[in-house]
4 protein chains.
Amino acid sequence: MDDATPSRPGRRRSEDSRRAILAAAVELVGEHGYGPLTVEKIAARAGTGKQTIYRWWPTKADVVMEALVEKADLHIPVPDDGSLRADLRAFLEASVALGRTPQVVAILRALMAEAQLDEGFGGRFRDGFIESRRSALRTVLERAAGRGELPDGVSVDTLLDVVFGVIWYRVLTDRVMGADAVVDELVTLIAR
Amino acid sequence: MDDATPSRPGRRRSEDSRRAILAAAVELVGEHGYGPLTVEKIAARAGTGKQTIYRWWPTKADVVMEALVEKADLHIPVPDDGSLRADLRAFLEASVALGRTPQVVAILRALMAEAQLDEGFGGRFRDGFIESRRSALRTVLERAAGRGELPDGVSVDTLLDVVFGVIWYRVLTDRVMGADAVVDELVTLIAR
Amino acid sequence: MDDATPSRPGRRRSEDSRRAILAAAVELVGEHGYGPLTVEKIAARAGTGKQTIYRWWPTKADVVMEALVEKADLHIPVPDDGSLRADLRAFLEASVALGRTPQVVAILRALMAEAQLDEGFGGRFRDGFIESRRSALRTVLERAAGRGELPDGVSVDTLLDVVFGVIWYRVLTDRVMGADAVVDELVTLIAR
Amino acid sequence: MDDATPSRPGRRRSEDSRRAILAAAVELVGEHGYGPLTVEKIAARAGTGKQTIYRWWPTKADVVMEALVEKADLHIPVPDDGSLRADLRAFLEASVALGRTPQVVAILRALMAEAQLDEGFGGRFRDGFIESRRSALRTVLERAAGRGELPDGVSVDTLLDVVFGVIWYRVLTDRVMGADAVVDELVTLIAR
DNA sequence: GGCTAAACGAGACGGTACGTCCTGTCTTAAA
DNA sequence: TTTAAGACAGGACGTACCGTCTCGTTTAGCC
């Protein structure tokens, strides 16, 4: 996708700058949160010009989102242990673990907020993040559906809404996941 | 709180200005969304000074929240029809109806966004809005619990998370409620 | 002109800020010349916001011009000693004295340059500076014309061009006035 | 200087590019004036890279100056008709003719402006342009001095200042030459 | 013909200033 | 004392150019 036109004239995009910008953004969010984050500060910390950021990302939220996506630990593996109970619990445990990292939570909340305020970013956030998370869990649930483990009368899509809905709702209302039995209860509710 | 000291010297707070400010805020959100909303534009549209806004509301989000609360249609009544299926369905139908008013949806999304970015408003939003919605549904569910209609092994609080989680998740990811069978499916999942 | 509408609502223009801005501009030109002068630096030095500068002056050149005009020493008095030789010499000596102040010379050169590059400022510079200088000397020359002291066949306007032409030409080609006999020679040429 | 080392390896300077750059610069000054002229726009219009401009000219003003010098009509011939009146009138008429070409006037104003703002270019402009004009007229005036046609008590250099001073002063204050009797009057004043 | 070297177009880079917009505060005259 | 009006200090925005630096390509002289 990136190398479709491998030989254009002109200097190539600097991978160093790209990495420095993502790293600077993550550091700054970690230090002071997303609110006071500005393109100017990212550029200063990364040692780049502002234009270099504007050239490749439409908004600072896109920078943060790319940094988030690049975090390997986000790639919550799609579990396949043969039973919905086990797979769903594994998926939720991994999500809960992420949700306990304050930096990641701060970024998730900020990005979801930005997605509401900026329609353009909203679309990119859904396509680049929300949907990829749904498709991971959808794989798990469809396998379970094949085994007849899902409740009757509830579509896979609605179950996705239930799982991600609970996670996001608790993140956005500042009630951290995993401090109680919510994982067990969700598994109980869905995997009967 | 507003009429605690009815007889002070000096000019009284202008009810006209207050209404003009709330109306201007609602109009502007309706026209261009919440993102480009500024105190300056509210004041200009309302024909008031900026100071008059800052004097009575901590942030523009509080202005919008007050406008939202003033909409009477928000008062979704707590249904009590003797069965969880009926009560839950009534509650969800009412929510879905609200979620179909684009202006209301725009405001809900904006307020949830602002709650992420401004810690102070986040608290006021949870206390003044989120919790009041939860307590309404909690009444319904606790009645059902008394009748033994709730699934085993799932607390009322988690069921609240499921219902509101699904609603908010769909609102925030721009997938409007009620365009499909989600109400039926939620009732099926929870009220067995 | 400033007090035509003395009673509008709203805060009045701050005379402190105005003075601080003019002073900062003069200082900065004195320290590093006009080239590196920026609105940002003027604002920083003056302790004002940039907007306060942009509110009252169209360009930084207008700021510098106002500072120049405000210098009382610029008000070269219109001499009236009864003879053209004496009046013209007095006018030129005063101009030469000014032209020996490096700060003033730097400002004059910069403003004339800016007048070439920015058509809008060019007009304001002619109206606000060039013409006021011409009218001062025109008074002197017209008195002399009444006494028949001017050369035949040369209009007052052309004599103004000669006097100011020589001064500006020497300033702009970096050949300081007064290092030689140019004052004597101009008097000789014009007042015969 | 350009052909001092005729046989180096490597590609030779492209005459096409050089001409395209000079032409682009002249066109752009003609269209929008010198103020908004940038190296970037010259390169875009000429279809060259920016580097090709920076390789051969120190500043954009030098590009414009080279374009000006290349205009053959600049070579005002040094008249020699035996009388100062005739020679001076011929010189001034030629200058006035140039001063009526709006494009040339625009360039002259721009170069004089740049000479004020950029010390380096100021030197090159004086050496390469101002002085060559002075030396042309100096030849005329020194011939006249030999014939005793110059006013007493006024040096040739001051007379040069008078003639060029008037021309430049009128150009820079946007009062075009030749619309009035200024040529006649200057001849009257100097050649008595 | 192959080799080295310079100039070419294109365009990304770090950096600086721009002029605009908005924030939250302050100051005025009127109500 | 509140109001509308509006100026204030401050700070981020996104843009435009600067002058430099790669790129891959083209054009030359030399072996």
Side-chain angles (χ1 to χ4, degrees), chain A residues 6-14 16-18 20 36-41 43-44 46-56 58-60, chain B residues 8-14 16-18 20 36-44 46-56 58-60, chain C residues 6-14 16-18 20 36-41 43-44 46-56 58-60, chain D residues 6-14 16-18 20 36-44 46-56 58-60:
Chain A
S7 66
R8 274 185 307 150
R11 186 171 175 174
R12 283 205 196 76
R13 175 173 184 181
S14 159
D16 284 1
S17 291
R18 184 183 150 274
L37 184 69
T38 68
V39 174
E40 220 135 15
K41 285 177 194 154
T48 75
K50 283 201 294 174
Q51 193 62 34
T52 301
I53 298 179
Y54 284 113
R55 208 183 332 262
W56 301 109
T59 71
K60 66 184 173 179
Chain B
R8 272 181 305 156
R11 188 168 170 177
R12 279 201 200 79
R13 175 173 186 182
S14 159
D16 284 1
S17 291
R18 183 182 152 275
L37 184 70
T38 66
V39 172
E40 210 136 286
K41 285 176 192 158
I42 298 175
T48 74
K50 287 198 297 176
Q51 191 66 270
T52 304
I53 299 179
Y54 283 115
R55 214 187 322 265
W56 301 109
T59 72
K60 64 184 174 177
Chain C
S7 65
R8 275 184 307 152
R11 187 173 175 174
R12 285 209 192 75
R13 176 173 184 183
S14 159
D16 284 0
S17 291
R18 184 182 149 274
L37 184 69
T38 68
V39 173
E40 222 137 12
K41 285 176 195 154
T48 74
K50 284 201 293 175
Q51 192 63 34
T52 301
I53 298 180
Y54 283 113
R55 208 183 331 261
W56 301 109
T59 72
K60 65 183 172 176
Chain D
S7 63
R8 273 181 306 154
R11 188 173 175 174
R12 281 204 198 79
R13 175 173 184 183
S14 160
D16 284 2
S17 290
R18 183 182 151 276
L37 184 70
T38 66
V39 172
E40 214 137 327
K41 286 175 192 157
I42 297 174
T48 74
K50 285 199 296 175
Q51 191 66 270
T52 302
I53 298 179
Y54 284 114
R55 212 186 327 263
W56 302 108
T59 73
K60 66 184 173 176

Quiz item: Rounded to the nearest 0.5 Å, how far apart are CZ of A/Arg18 and CH2 of A/Trp56?
Solution: 11.0 Å

Practice problem: Can you tell me the distance, in whole Å, between the OH atom of B/Tyr54 and the P atom of F/dA5? | Solution: 16 Å

Quiz item: Which residues satisfy the side chain to side chain donor-acceptor pair (under 3.5 Å) test with A/Thr48, sequence neighbours excluded?
Solution: none

Quiz prompt | Euclidean distance, atom CG of residue C/Asp16 to atom C1' of F/dA7 [Å, nearest integer] | solution = 13 Å

Quiz item: Residues in side chain to side chain donor-acceptor pair (under 3.5 Å) with C/Thr38, at least two apart?
Solution: none

Self-check item: Contact summary for C/Ser14 and C/Ser17, nearest pair of heavy atoms
Solution: OG-N, 3.0 Å

Quiz prompt | Counterpart residues, side chain to side chain donor-acceptor pair (under 3.5 Å), relative to B/Thr52 (two or more places apart) | solution = none

Quiz item: Mind checking what makes side chain to side chain donor-acceptor pair (under 3.5 Å) contact with B/Glu40, not counting sequence neighbours?
Solution: B/Lys50

Quiz item: Just by protein heavy atoms under 4.0 Å, how would nucleotides 12-17 of chain E read 5' to 3' in B, S and -?
Solution: BBBB-B

Quiz prompt | Axis bend over the full length of the helix from E/dG1-F/dC31 to E/dA31-F/dT1, computed from five pairs that close each end, to 10 degrees | solution = 10°

Quiz item: Do you know which two heavy atoms are closest between D/Lys60 and D/Ile42, and how far apart they sit?
Solution: CB-CD1, 4.4 Å

Quiz item: Which heavy-atom pair separates A/Ala46 from A/Ala20 by the least distance, and what is that distance?
Solution: CB-O, 3.5 Å

